[in-house]
Structure formats: structure tokens, C-alpha cells
There are 2 protein chains.
Amino acid sequence: MKSKKELILETALDLFAKKGFNATSTSKIAKAAGVSEGLIFRHFSNKDGLLQSILDLGKERSVKLFEGISELELPADKLKYILQIPFNIPYTEYAFWKLLYAIKWQADKYDEEISNQLKSIVIDIFNQLNYPNPELEAEFVMMLFDGMATAVLLKDSNESEEIEKLLLQKYNIPI
Amino acid sequence: MKSKKELILETALDLFAKKGFNATSTSKIAKAAGVSEGLIFRHFSNKDGLLQSILDLGKERSVKLFEGISELELPADKLKYILQIPFNIPYTEYAFWKLLYAIKWQADKYDEEISNQLKSIVIDIFNQLNYPNPELEAEFVMMLFDGMATAVLLKDSNESEEIEKLLLQKYNIPI
DNA sequence: TACTTTTGTAAGTGATTACTCACTTTTAAT
DNA sequence: ATTAAAAGTGAGTAATCACTTACAAAAGTA
């Protein structure tokens, strides 16, 4: 059975992703979760603390999405795997990724950890592939990654599979 | 001399871009602009009306960024021009573009007009270039466009010129 | 000049905000 | 069974929210 703490976290993530952090009041969260408003502050101190807990949990889960990378041998396979991540975000994780990308634009709340983590993996890959400028090349991949993730998350696109194919093809990666 | 109406528009755009629409109160806008709060509502009816006016004015200005396209003859040149737009956003327009991209994630406020306008131009280009699937190819370019614009707007990157070169090169476009 | 419209202000409005506090209930350990 | 800690509640708080209203100054028009 779900604890009330978990219920608050889930409900808040849901509302934050849908309406935005600032447009979602703690009273609305409490009402939607069916708990008293005071309990939110008992568990998370304040609204920012609630957001941080949501982000931390999401990060833990997203690490698992990245774990598949290290199991691959060839750097080209690793790159392919990474480029495919935006198209393989589990539907249950949409809310978290939406929140993550929406928060990017709020200077004070933005958390670069996930992005930086992935970027250093990509730099390693381009090093292994002997690219002349691995750092720059990684920056470019991250840009692609964000563009794709945005497209997937915002339009519930029916053609995301075709875009995925097009991307791999443009990156000279066999499908 | 700047009218108080213009002053409100500029100040609000600035604050919306920096802190977000919901985190910026009308009283803060009034204080920052040095006008009475009531004047905001005299001119724009309500806070959403203020946002709409800001977006409309920004759209008018961004149309000028797109006008250069039609002056070019070759479709390949047009494509090159479009891919370069994110790197050529005037610094004075940063606030507007930041606001535009931030708002994307708020379902109720998102305005697709600029994006759709540009996309139809890109579809035409790929038609002229006889690509097998111009619609899909345009979707991909728009994704690239958004990814690049995001990167340029969020990091005050010193290496954006190098990324620009890398992009044109990857897209087989002579620099 | 006389009059109308537009622009502007100051002081409000009720509703909502994040958060606190005093208190009760539940859980868990001895 | 006793007790202490943790979980949970409901009714508060002052501050801030978007917005209104009554009125004054300025600008435009005849």
C-alpha cells in the first residue's frame, strides 16, 4: 500500500508537470492527494523541498535508463543507445521529464546533474571513437537529445518512430 | 520617448523571461516599471492580456528574422539560413525567445504560430529539393532548430559558433 | 475656451498563497 | 502495558495575489 508521503510526491509531480511549479499551490496538491496541507510541510519542510525530493527520486529512476549503456561493448552501439533514449522514455516517466525540461527555463531551480552525467558519458564515447573534438561533438549530441526529448514529450507524436529512424540514418548509424 | 504602455511591456517581458510568468506578479511589474499597478489593467485588461500583447509584438519582430529567407533563390541556401537563425538571434530578442520556449511547457498558454509558420517554409524547401518525405524531414529540422535555440538561450555558450559549423557540416551544407 | 477622451493613480477588494501551530492518532520499541 | 517518536489533522497566520473602483491629471478636439 502506498504511503501518504509517496502519494504526495506522485500527486505533486503530476500537477507540477501539467500546470507548472508556480501555478500549483500546496493546497491543491493536498486536496488532490487527499491529505492535509500540513502533512506536506511535515515531510518536505517547504514547497522547494517537495520539488527537490521529486527531482531526486526522478534522477534515481533515470539513472536506470542510463545503466544499459555500460553493458554495451562498442562505442557506436553506446551512441545509438543514447540517441534512442528520448524515444524510449517510459510513459510513466513523462511527467518527470516534462517537469525537468520545464524547470530548465527557471534559472533558480534548474538542476543540470542528469544532463551533465549523460554528457560525460558521450564525451567518453567520442574519445573512444577518436573524434577530433569530443567535447564539442558531445555538446551537439546533447542538443539533439534535448530537441528530440522535447518533441516526444510535447507532441504525443505518432511519427516519433520515423523521426528516430531518420536521426540514426543522418548520424550514419545502421538501424 | 517611451510611453508608459511600452515601458510596461518591456519590463514585463524582462521579468517573465527571467522568473517565469506565474512567478511574476503584476505588482512587481508595476514597481519595476515605475507605474501604478492599475495602469497595467487599464491597458491590457488582465495578466493574460499582457502576456498576449508581449507575444504578439514579439511575433511581429520575429517575422522580420524570417523575411530574409524569401530573398534567397536556392532552397539549399534557404535551409542554411534557417539552421543559422538560432545562432543569430539578436541579443535584444533573447528575453522574448526565452519566454516563448518556457511557455511551451504550459499547456494552456502555448502558442504554436511561429513554429508552424517556420515549419511550412521548411516543408516547401524539402519539396523543392525532392526529398521523399518533406513533412518528416521538416519535423526533424524543427527539432534541430529547437534544440539549438535552447542551447544558445540557456548557456551563454562561447562555443556556439563551433556548434553552428558542426551542424552545417553534419547536414552536408557547405559553410 | 469648453468639453470629451485617454491616461494615470491610490486605495481599496476578496481570494489565495506558503507556511505554522496546537493538538490527536498511529506506529514501533522496550 | 508504557512510552516516545512519527504521522497526520484542521484551523489558523500574515503576506501577496489579480483585479476594481473612484477619482484626478493630461491630451486631444471643437
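Quick caveat: nothing in here was measured; it's all calculated off a predicted structure.
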Distance (rounded to the nearest 0.5 Å) between A/Q106 CD and A/L51 CG: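 Output value for this atom pair is 9.0 Å.
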Please tell me which of A/T24 and A/R42 maps to the more 5' nucleotide of DNA chain C, matching each residue to the nucleotide holding its nearest heavy atom.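 Nearest nucleotide further toward 5': that of A/T24.
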Which residue lies more 5' along DNA chain C, comparing A/K28 with A/G38 via nearest heavy atoms: A/K28
[X] [atom1] to [N] [atom2], straight-line distance once rounded to whole Å:
{"X": "B/K31", "N": "C/dG8", "atom1": "NZ", "atom2": "C1'", "value": "18 Å"}
{"X": "A/K2", "N": "D/dG8", "atom1": "NZ", "atom2": "P", "value": "15 Å"}
{"X": "A/K4", "N": "D/dT9", "atom1": "NZ", "atom2": "P", "value": "4 Å"}
{"X": "B/I8", "N": "C/dT7", "atom1": "CD1", "atom2": "P", "value": "11 Å"}
{"X": "B/L39", "N": "D/dA18", "atom1": "CG", "atom2": "P", "value": "16 Å"}
{"X": "B/I29", "N": "D/dC17", "atom1": "CD1", "atom2": "C1'", "value": "12 Å"}
{"X": "A/N22", "N": "D/dA18", "atom1": "CG", "atom2": "C1'", "value": "15 Å"}
{"X": "A/F41", "N": "D/dA7", "atom1": "CZ", "atom2": "P", "value": "17 Å"}

Below the 4.0 Å mark, does [N] have OP1 or OP2 next to a side-chain nitrogen or oxygen of [X]?
{"X": "B/H43", "N": "C/dG8", "answer": "yes"}
{"X": "B/T26", "N": "D/dA18", "answer": "yes"}
{"X": "A/S27", "N": "C/dA18", "answer": "no"}
{"X": "B/S25", "N": "D/dT16", "answer": "no"}

Do the ring planes of A/W105 and B/Y101 sit parallel (below 30°), tilted (30 to 60°) or perpendicular (above 60°)? parallel
Under 4.0 angstrom, heavy atoms only, what part of the nucleic acid is B/K5 near: base, sugar-phosphate, or nothing? nothing
Side chains of B/E37 and B/S27: donor-acceptor distance under 3.5 Å anywhere? no
Stepwise, does the salt bridge (Lys or Arg N to Asp or Glu O under 4.0 Å) test hold for B/K119 with B/E112? CA-CA 10 Å; B/K119 189 182 169 186; B/E112 297 188 284; over 6 Å; no
Applying a strict under-4.5 Å side-chain criterion to I, L, V, M, F, W and Y, I'd like to know whether A/I121 and A/L74 cluster together.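 In one cluster with A/I121: A/L74, no.
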Looking at the side chain of B/N46, which of D/dC19, C/dA18, C/dG8 is the nearest nucleotide? D/dC19
